[in-house]
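Taking it in order: structure first as structure tokens, then the write-up.
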Amino acid sequence: MKRIAIIGGGISGLSAAFYLERLRQEGVPLDYVLYESSTRFGGSMFSEHVDGCVVEAGPDSFLTEKPWAQTLARDVGLEDQLIGSNDPQRKTYILVNGKLVVIPDGLMFMVPTKLLPTVFTPLFSWSTKLRMAAEWLHPPRRAKEDETVAALVKRHYGPEMVDRLADPLLSGVYGGEAATLSVRAVLPRFADMEAKHGSLGRAMLAARKKLHPLVRQAKPLPLFTSMKTGMQQMVDGVLARVNRSALRTSSPVRELNFRDGMWQVASNGATESYDAITVAIPAPAASSLLRAAQPDLANELGAITYSSSVTVTLGYGKDVLGALPPGFGFLVPRTEGKRMLACTFVHTKFPHRAPPDRALLRVFLGGSRDEEILSVSDDKIIELVRAELRQILGVSAEPRFSRVYKWKGAMAQYSVGHLERLDRIERLRRTLPGLTLAGNAYRGIGVPDCILSGKKAAEEIAGPSPRITEVIPASSDPVAPQQVR
Ligand SMILES: Cc1cc2nc3c(=O)[nH]c(=O)nc-3n(C[C@H](O)[C@H](O)[C@H](O)COP(=O)(O)OP(=O)(O)OC[C@H]3O[C@@H](n4cnc5c(N)ncnc54)[C@H](O)[C@@H]3O)c2cc1C
């Protein structure tokens, strides 16, 4: 019987536990224990029900394009609880000089694919629009080395595109900056498109043309998918399917050692021996735990930095609902001098998450440039968010309720050279038999990628199994995922 320890009970560790449980039930001789340091499972995935509304503390949905979260929901019997975002009303604004300007139709991340909306949008100056036209003649890039997202975007469209679009979009997804995030890790398709076609606009159209006509004509799937009563459903769904006696909360792993081919896991004053482990915690914490076993691996893991995030949800009545512009919300470029990074109109994005006569706003703060927000009191954060909402939306009503959630060091930052670092991590990891790594530090920060990382860890530990080894489909969408909150 193979004994396995999973360290970290966020969605990555839960996914590993679920897929190990499935193998166990199929007769694979294994046993596992899931160690979680806090009092609950789910990590940053956590929903509350307040005043008739679903309040998401962390992720509120996931990209439909990446199938692994839907697969997990189906596997735990929650298929009928999957819901899509309300895309007919999807419209996102950017704050420009204090005013909300809608992102024009046909803009894929930052690549214009439709002429007229691009020409007439007030989002960009004429000089940027001229750069967009000239971009169609951009030569392919010969250099192979990684660079920042900002460098690629600037080369194609100029600095205004970085400030107004690339940076706010990336701070919404990664809590990071275009000036430091790696283009190969964060927007690999853009790097490939540039190498092959030069112009991103031409590459995008070429990719669209290549799609099968039936695919092109098909009704697009909703951009985001979520769970009917909140993302917590996914956590609870997994917990209901795994072996309850294997689950340990309030059990921080303090020490890991690899001796005589076995892993020694120390938690709550006891040390237990395992044949294999899945370390599913943020990379800096994984670095500390693995230092004794493999210092070089610990150094590489320790070099992956994280940013923090704060979400604030405010519930309002009918008066505010009528005063808001239509759409999913807005993004705030740093140059606007505000503390908030983005605001989602939850009642539009997922209408059933609030009664029909309510407005539910979710605001994001923090990120790599504002770690100080963590030390601001909840009351002060609400005050400053309300002041900024007053300036931007003219909303001065008293909220019916408010919630603040602080996530310290929750968002991995894929800096330039991230993929090369992952290669080194992989080589070093393989020097330690039975070690697998999962989580948002590696090949995707979103919920589906985290779930896939846990699933792959389970598969690797248990050995090849035709039942759960799947071919990962290449995306049919040529556009880099645009995750606007
Ligand atoms: C505010 C916010 C909004 C987000 N929005 C979205 C979104 O809308 N869509 C999307 O796809 N993604 C989103 N993400 C990203 C996504 O939610 C995360 O990347 C993902 O949930 C991370 O899961 P994880 O299990 O890898 O890590 P975590 O959730 O961080 O879980 C790690 C767990 O390990 C535990 N742990 C740490 N150290 C130890 C130890 N020594 N021993 C035992 N346990 C330990 C922690 O307590 C924690 O429970 C968001 C993230 C945040 C913070």
Side-chain angles (χ1 to χ4, degrees), residues 5-17 33-47 56-66 68-69 85 171-175 223-227 230-232 234-235 238 247-256 265-268 277-290 306-313 341-342 344 346 349-350 362-367 404-414 437-454 457 481 483-485:
I6 303 162
I7 300 159
I11 194 61
S12 304
L14 287 171
S15 159
V33 171
L34 174 56
Y35 291 88
E36 165 55 42
S37 56
S38 73
T39 52
R40 47 164 278 277
F41 290 105
S44 58
M45 194 179 276
F46 176 51
S47 324
E56 296 288 9
D60 74 340
S61 57
F62 44 83
L63 283 170
T64 308
E65 182 193 59
K66 298 190 168 193
W68 310 291
S85 50
S171 66
V173 179
Y174 288 89
L223 185 58
F224 304 107
T225 299
S226 190
M227 308 301 299
M231 295 293 284
Q232 181 71 37
M234 195 168 270
V235 174
V238 172
L247 304 178
R248 298 187 190 168
T249 48
S250 305
S251 301
V253 171
R254 303 272 185 218
E255 220 182 300
L256 272 182
V265 177
S267 175
N268 289 339
I277 55 168
T278 293
V279 178
I281 57 181
S287 161
S288 308
L289 282 184
L290 287 163
Y306 274 69
S307 74
S308 302
S309 185
V310 171
T311 62
V312 178
T313 296
L341 301 170
T344 303
V346 181
K349 188 175 174 185
F350 293 111
R362 190 162 104 115
V363 170
F364 291 82
L365 304 106
V404 177
Y405 305 94
K406 290 177 175 166
W407 300 107
K408 186 172 164 37
M411 313 285 258
Q413 303 295 296
Y414 299 169
L437 300 170
N440 71 12
Y442 309 106
R443 299 195 183 271
I445 192 173
V447 168
D449 297 295
C450 290
I451 289 171
L452 179 66
S453 74
Q483 184 162 344
V484 178
R485 298 180 198 288

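These numbers come from a predicted model, not from an experiment. Ligands are counted one by one from 1 in listed order, and the atoms in each one are counted from 1 as well.
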Atom 34 (O) of ligand 1: of Gly8, Ala57, Ser250, Pro252, the nearest heavy atom sits on Gly8

Kindly confirm or rule out an N or O of Arg40 lying under 3.5 angstrom from an N or O of ligand 1. no

Check: Glu36 N/O within less than 3.5 Å of ligand 1 N/O: yes

Any Leu256 side-chain heavy atom under 4.5 Å of Val265 side chain: yes

Geometric N/O contact Ser61 with ligand 1, under 3.5 angstrom: yes

Using a 3.5 Å distance criterion without hydrogens, assess whether the side chain of Trp407 forms a donor-acceptor pair with backbone atoms of Ala57. yes

Within reach of ligand 1, part of Met411 (heavy-atom separation under 4.0 Å): side chain

Residue Val253 vicinity, atoms of ligand 1 by number, heavy atom under 4.0 Å: 40 (C), 41 (N), 42 (N), 43 (C)

Numbering the atoms of ligand 1 from 1, which are under 4.0 Å from a heavy atom of Gly439? 26 (O)

Ligand 1 atoms nearer than 4.0 angstrom to some heavy atom of Asn440 are 18 (C), 19 (O), 22 (C), 26 (O)

Pro448 N/O to ligand 1 N/O under 3.5 Å: no

At a 4.0 Å threshold, what atoms of ligand 1 neighbour a non-hydrogen atom of Gly446? 10 (C), 11 (O), 12 (N)

Has the side chain of Asp60 got a donor or acceptor atom that lies under 3.5 Å from a matching backbone atom of Ser226? no

Atom CZ of Arg40: over 12 foreign heavy atoms under 6.0 Å: yes

Atom CG of Leu290 and atom CD1 of Ile7: how far apart are they, to the nearest 0.5 Å? 7.5 Å

Short version for Cys450: what comes under 4.0 Å of ligand 1, heavy atoms counted, is side chain

State the CD1-CG distance between Ile281 and Leu437, to the nearest 0.5 angstrom. 9.5 Å

What atoms of ligand 1 come within less than 4.0 Å of a heavy atom belonging to Thr311? 1 (C)

Side-chain (Tyr306) to main-chain (Ala283) donor-acceptor, under 3.5 angstrom: yes

From atom 25 (O) of ligand 1, work out which of Ser12, Gly409, Gly444 has a heavy atom at the shortest distance. Ser12

Verify, without hydrogens or angle tests, whether Ser307 (side chain) and Gly175 (backbone) share a donor-acceptor contact under 3.5 angstrom. yes

Should one rank Gly175, Ser44, Gly454 by closest heavy-atom distance to atom 29 (O) of ligand 1, which comes out on top? Ser44

Verdict with reasoning, Phe350 to Ser85, per side-chain contact (heavy atoms from CB on, under 4.5 Å): CA-CA 6 Å; Phe350 293 111; Ser85 50; 3.9 Å; yes

Here the gap from Met227 atom CE to Phe62 atom CZ, rounded to the nearest 0.5 Å, amounts to 6.5 Å

Rounded distance (nearest 0.5 Å) linking atom CG of Leu223 with atom NZ of Lys349: 8.0 Å

Does Ile7 approach ligand 1 within less than 4.0 angstrom via side chain, backbone, both or neither, non-hydrogen atoms only? side chain

Please work out, at 4.0 Å between heavy atoms, whether the side chain, the backbone, both, or neither of Val447 comes within that distance of ligand 1. both

N/O separation below 3.5 Å, Ile445 to ligand 1: yes

Of the backbone atoms (N, CA, C, O) and the side-chain heavy atoms from C-beta on, which set of Ser37 has a member under 4.0 Å from an atom of ligand 1: side chain, backbone, both, or neither? both

Please assess Phe364 against Thr344 for the test side-chain contact (heavy atoms from CB on, under 4.5 Å), listing each intermediate value before the final yes or no. CA-CA 9 Å; Phe364 291 82; Thr344 303; 3.9 Å; yes

Backbone or side-chain N or O of Ser309 under 3.5 Å from ligand 1 N or O: no

Pick, from Ser38, Gly42, Pro59, Ser453, the option with the minimum heavy-atom distance to atom 17 (O) of ligand 1. Pro59

Ala410 neighbourhood, listing ligand 1 atoms whose heavy-atom distance to it stays under 4.0 Å: 53 (C)

Mind checking whether Pro282 has an N or O less than 3.5 Å away from an N or O of ligand 1? no

Just verifying a value: how many Å separate Glu36 CD and Ser250 OG, rounded to the nearest 0.5 Å? 8.5 Å

